[in-house]
Trainee: 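The structure's right below; bear with me while I get my questions together.
Every chain is numbered from 1, with letters handed out A, B, ... down the list of sequences.
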Protein chains: 2
Amino acid sequence: MSYTIKDVAQKANVSVATVSRILNNLPGYSEKTKEKVLQVIAEMGYQPNAIARGLINKKTKTLGVLLPAVSDTFASVVLSGIEDMAHELDYSVMVCNTDKDGKRTMKYLQALREKQVDGIVFVSEFFKEEYYNAIIAMNLPVVLVSTKSQYDIPFIKVDDREAVFDGVNYLLERGHRSIGMIAGTKGDPIATLPRIEGYKRALKEKEIPVDKRKIAFGDFGFESGITAAKELLDQNEDLTAIFCSSDEMAAGALSYLYRMSIRVPDQISIIGYDNTKVAEMAIPPLTTVGQPLYEMGKSAVKMLLDRETAEQKSVFMPHHIVERETVKVIENKETE
Amino acid sequence: MSYTIKDVAQKANVSVATVSRILNNLPGYSEKTKEKVLQVIAEMGYQPNAIARGLINKKTKTLGVLLPAVSDTFASVVLSGIEDMAHELDYSVMVCNTDKDGKRTMKYLQALREKQVDGIVFVSEFFKEEYYNAIIAMNLPVVLVSTKSQYDIPFIKVDDREAVFDGVNYLLERGHRSIGMIAGTKGDPIATLPRIEGYKRALKEKEIPVDKRKIAFGDFGFESGITAAKELLDQNEDLTAIFCSSDEMAAGALSYLYRMSIRVPDQISIIGYDNTKVAEMAIPPLTTVGQPLYEMGKSAVKMLLDRETAEQKSVFMPHHIVERETVKVIENKETE
DNA sequence: TTGAAAGCGCTAACAA
DNA sequence: TTGTTAGCGCTTTCAA
């Protein structure tokens, strides 16, 4: 058993109220008693019990974070930003691996509520109606990162449509005319549909017809990148570049091309999305559309904690193209 | 404001004690009142306050995890195992990014204590004396994962010496005689020294002299793998293989070799350590000494929570070589 | 400047 | 089978 505030009060010959005041920097004691109490505290190694505090304050100084998988390269960087900012502001974070499982997510939401977290950040997943209802019921601030919802919940994300538009345009500007796309999960209204729109719009602006066979779907993971790359290459003989909706899928594509002895970027150019560590480590180093993942995590926490004062609104974060070595410039534009 | 147990009791016309009993599956009420109360609870959407509970039980059903960085490929898989097992056992986990910073670690230790976590798992870092003292003072169960200490604290890890021995031996068996090593942080008594010993022992058993110039040091990260690979290649003309002390460093080596147009495994064989996702995604796919990272995380939680009953002892987890495509068999053993 | 005491939401001993 | 009540460790009136 640890010491309690009572023990400290006794030993210092003051009341618990006084100790509490000193602990919380409230006015109401002489410099002398303060010194005395502080000394006793140091001697005993007393640490206040945050649970007891939380019961009164109705604040636990802890946040809940829900994400599809902590070991996900993408989510873990966001988490890292969340964690850093939380630490800066003296908050702790509880991580919840939803595994993309609705039932598991609901269980976590309940646990977070029971444990009285002060806010929730929800990363990169589709935000279901039942989550919304649960969160409304708990009356807690929430912010969405890298996803959004039909409800009035603030989010922080990149403008996917614009980001992909820019990425495809980057390819276009370098002379590519036959560009494939490895998109995300089919039908995903957050991370797939808008990106496909961005892709289409970029082509249309250059008056290049959109060809369905040039779009393959994956699930953002490495393996699916391999499969999708194969599909694309089998169906299109003239492809000079592929836009991939995640760095991991790009890595998968790279892997497939390596196996097929197709040289990147000489024969095929590849561009990824996210700018995670896998882009850096890829061979060759992957050119990609970067999202400020770490910053997004940080901002989410700031926004969450600000919400108690000023009502915050959603924000779109800037994306930018990180040039590395997987995109080649095609010179002979005459063929067009 | 949410409802409290009192509200439920009032509305159901029973005492709070009865509601509490029902909530905790304790004996002492009729089936009829149970039904009634359960119905009222459902109607109100009442959720117990875990903070109030924790104050009495002295159990918060939450664990603290300290790790160097959540975005680390290695640590995040361990975290994932921890999280899954914790969830299975109805615990929550608080993550603490120590950033390898002693001061930050101490701050976290204090926060975890104040928040009354039921146990701590400490991942993959050097366990300093001050941490030990702090933890002793809090009187909390701790388990170390992928690290160990001079103190009597249970750990879960792979036997590094054996693992590296096996890895180097794997190379030896395939005819390699001039093998370089990219080791971890110089002087690290946990993850570097024993591994170098394993490397040396393997060579000695084959009566191959150990050459200092064949050992380079890194920091387990990608960039350092690049630098170390360059160093090794510059200093040794005859190298046919490199053992790397992490997959990330192996990826760095791969990257350097690619840039130098040295073919893997035709000209140089590479073997990594950890078997993280980067090994899978490498080009070519990386042969590596695998650690059961996810399982280690799971076991750590099990061990931590068992400690309240049976006193658990440290365990060495099995390692195994994952064969992929970066090691070539050298036929002409005559040259030896 | 200080202390006594109520109470946060809950559990558990004791009584009925 | 049920209720009353005393705390858990702390903050916060209110009174001195």
Side-chain angles (χ1 to χ4, degrees), chain A residues 1-38 40-41 44-62 110-118 138-139, chain B residues 1-38 40-41 44-62 110-118 138-139:
Chain A
M1 262 302 300
S2 282
Y3 292 115
T4 72
I5 197 173
K6 225 168 153 182
D7 300 318
V8 174
Q10 236 157 39
K11 190 140 179 225
N13 271 316
V14 294
S15 71
V16 293
T18 299
V19 178
S20 175
R21 286 186 192 106
I22 293 172
L23 248 21
N24 294 290
N25 276 314
L26 296 175
Y29 45 80
S30 68
E31 201 46 44
K32 220 175 96 189
T33 52
K34 175 176 176 180
E35 261 171 45
K36 173 89 181 280
V37 168
L38 252 22
V40 170
I41 286 177
M44 309 176 82
Y46 164 77
Q47 307 251 156
N49 181 327
I51 295 298
R53 254 182 193 171
L55 190 54
I56 297 180
N57 297 335
K58 274 125 177 43
K59 287 269 170 281
T60 50
K61 287 259 183 189
T62 111
Q110 186 182 332
L112 290 175
R113 179 184 184 181
E114 292 188 1
K115 290 185 178 166
Q116 317 284 305
V117 297
D118 297 340
M138 27 206 304
N139 190 29
Chain B
M1 262 301 300
S2 283
Y3 293 115
T4 73
I5 197 173
K6 223 167 152 184
D7 299 320
V8 175
Q10 235 157 42
K11 189 140 179 225
N13 271 315
V14 294
S15 71
V16 292
T18 298
V19 178
S20 175
R21 285 185 194 107
I22 292 171
L23 247 23
N24 295 291
N25 277 312
L26 295 175
Y29 44 79
S30 68
E31 200 45 42
K32 221 175 98 189
T33 52
K34 175 175 177 180
E35 263 171 43
K36 174 88 181 281
V37 169
L38 252 23
V40 170
I41 286 176
M44 308 175 83
Y46 164 76
Q47 306 250 157
N49 181 328
I51 295 297
R53 259 186 189 165
L55 190 54
I56 298 182
N57 297 334
K58 275 121 178 43
K59 288 269 168 281
T60 50
K61 287 261 182 186
T62 111
Q110 185 181 331
L112 291 176
R113 179 182 185 183
E114 291 189 2
K115 290 185 180 167
Q116 317 285 312
V117 297
D118 298 340
M138 31 206 301
N139 188 30

Trainee: In residues 23-31 of chain A, which residues come under 4.0 Å of DNA chain C by heavy atom?
Mentor: A:Gly28, A:Tyr29, A:Ser30
Trainee: If the cut-off is 4.0 Å, is A:Arg53 near the phosphate of D:dC10, judged by side-chain N/O to OP1 or OP2?
Mentor: no
Trainee: Let me know, please, whether B:Ile56 or B:Thr18 comes out on the 5' side of the other along DNA chain D by nearest nucleotide.
Mentor: B:Thr18
Trainee: Heavy-atom distance under 4.5 Å between the side chains of A:Tyr29 and A:Ile22, does that happen here?
Mentor: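 The answer is yes, as the side chains (C-beta and beyond) meet within the 4.5 Å cut-off.
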Trainee: Nearest of D:dC10, C:dG9, D:dT5 to any side-chain atom of B:Val16?
Mentor: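 For B:Val16, the side-chain atoms sit closest to D:dT5.
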Trainee: Establish, with yes or no, whether the OP1 or OP2 oxygen of D:dT1 is under 4.0 angstrom from a side-chain nitrogen or oxygen of B:Lys34.
Mentor: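 Indeed not, no polar side-chain atom of B:Lys34 lies that close.
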Trainee: Can you tabulate the close N/O pairs, meaning under 3.5 Å, that link protein atoms to atoms of nucleotides 13-16 of chain C?
Mentor:
none

Trainee: Can you check whether B:Ser15 has a side-chain N or O nearer than 4.0 Å to OP1 or OP2 of D:dG3?
Mentor: yes
Trainee: OP1 or OP2 of C:dG9 versus the side-chain N and O atoms of A:Lys58: is any pair under 4.0 Å?
Mentor: yes
Trainee: Check the distance between C:dG7's C1' and B:Ile5's CD1 and give it to me in whole angstrom.
Mentor: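 To the nearest whole Å, that distance equals 16 Å.
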Trainee: Take B:Leu23 and B:Ile41 through the side chain to side chain contact (heavy atoms under 4.5 Å, CB included) test and state the conclusion after the steps.
Mentor: CA-CA 10 Å; B:Leu23 247 23; B:Ile41 286 176; 3.6 Å; yes
Trainee: Against A:Ser20, only a single residue in A:Val16, A:Asn24, A:Thr18 fulfils side-chain contact (heavy atoms from CB on, under 4.5 Å); can you say which?
Mentor: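 Of all the options given, the one that passes is A:Asn24.
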Trainee: B:Ala17: what forms a side chain to side chain contact (heavy atoms under 4.5 Å, CB included) with it, not counting sequence neighbours?
Mentor: B:Ser15, B:Arg21
Trainee: May I have the distance from B:Ile22 (atom CD1) to C:dT11 (atom P), rounded to whole angstrom?
Mentor: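 The distance from CD1 of B:Ile22 to P of C:dT11 comes to 12 Å, rounded to the nearest Å.
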Trainee: Taking all non-hydrogen atoms of both residues into account, name the closest pair between A:Pro48 and B:Gln116 and its distance.
Mentor: O-NE2, 4.4 Å
Trainee: If you look at every heavy atom in B:Tyr46 and B:Ile5, which pair is closest and at what distance?
Mentor: CE1-N, 3.6 Å
Trainee: Using the test side chain to side chain donor-acceptor pair (under 3.5 Å), find all partners of A:Gln110 that sit at least two apart in sequence or belong to another chain.
Mentor: A:Glu114
Trainee: Identify, with sequence neighbours excluded, every residue that meets side chain to side chain contact (heavy atoms under 4.5 Å, CB included) alongside A:Lys11.
Mentor: A:Val40, A:Glu43, A:Met44
Trainee: For A:Lys61, does its backbone N or O pair with a side-chain atom of B:Lys115 as donor and acceptor, under 3.5 Å?
Mentor: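 Confirmed, B:Lys115 side chain pairs with A:Lys61 backbone.
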Trainee: What does the inter-axis angle of the helix from C:dT1-D:dA16 to C:dA16-D:dT1 come out as, five pairs per end, nearest 10 degrees?
Mentor: 40°
Trainee: Among D:dG9, D:dG3, C:dT11, which nucleotide sits nearest the side chain of A:Leu55?
Mentor: D:dG9
Trainee: May I ask you to verify if any side-chain N or O of B:Ser20 is less than 4.0 angstrom from the OP1 or OP2 atom of C:dT11?
Mentor: yes
Trainee: Please confirm whether the shortest side-chain N or O distance from B:Tyr3 to OP1 or OP2 of C:dC10 is below 4.0 Å.
Mentor: no
Trainee: Taking only the side-chain nitrogens and oxygens of A:Thr33, find out if one of them lies under 4.0 Å from OP1 or OP2 of C:dT1.
Mentor: no
Trainee: When you measure from the side chain of B:Asn49 to the backbone of B:Ile51, do you find a donor-acceptor pair of N or O atoms at a distance under 3.5 Å?
Mentor: yes
